[in-house]
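When a ligand or atom number is given, it counts from 1 through the structure's own listing order. Not measured: the values here are computed from a predicted model. One is the number of the first residue; the rest follow in order along the sequence.
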Amino acid sequence: MKCPVCGAVYRSAMSTASTCRRCKADLSDLIRLHDQAVWYHRQALYLLQQGNYAEAEANNKQALTLYSSNADFHALAGKLQALQGNFADAIASWQQALQLDSQNAIASTAIQMLKSVMSSEG
Ligand SMILES: [Zn+2]
């Protein structure tokens with residue numbers, strides 16, 4: 001998670017402070033929102049394992065509403081959209097994930113696979 005003010009990386013596991021170590025901005029609200037978003041994201045992952053894609057997508061959307069700059073949330077959104085046959089939205093979600101984190105493994109693998117499928121179908 002990054003400080004929205006100065007861009008410094010904030011790691012809540014390493015510190016109990018809720019202010020940015022670089023610019024001292026108060027990040028407590030953001031941290032709370034991020035924690036809630038991660039909770040929804042985990043619910044979504046659990047529902048995905050159960051094969052409940054629609055509920056998983058609803059939970060992941062909640063995560064994205066609370067905190068939209070986490071690449072993993074967008075990557076999961078893409079996966080859920082693809083699983084439900086909605087490839088146009090899935091590609092948009094994966095591209096969003098890669099914009100936030102060009103190293104995001106889920107999104108880059110998915111887009112590469114999709115590109116090879118589409119090119120082989122001509
Ligand atoms: Zn900062």
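Using bins of under 30°, 30° to 60° and over 60° for the plane-to-plane angle, the ring pair Y67/H34 lands in the perpendicular bin.
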Inset, instruction - Let me see the working for R32 and D29 under salt bridge (charged side-chain N to carboxylate O under 4.0 Å, His left out), right down to the final yes or no. - result: CA-CA 5 Å; R32 203 183 62 243; D29 272 7; 3.2 Å; yes

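Note on L114 and L98: same hydrophobic cluster, where clusters join Ile, Leu, Val, Met, Phe, Trp and Tyr whose side-chain heavy atoms are under 4.5 Å apart, directly or indirectly.
Of the inter-residue distances, the one linking L47 atom CG with N59 atom CG reads 5.5 Å to the nearest 0.5 angstrom.
The backbone N or O of F73 lies less than 3.5 Å from a partner atom in the side chain of N60, making a donor-acceptor pair.
The minimum heavy-atom distance linking C6 with C20 is given by the pair SG-SG, 3.6 Å.
Protein atoms of type N, O or S found under 2.8 Å from the Zn ion (ligand 1) total 4.
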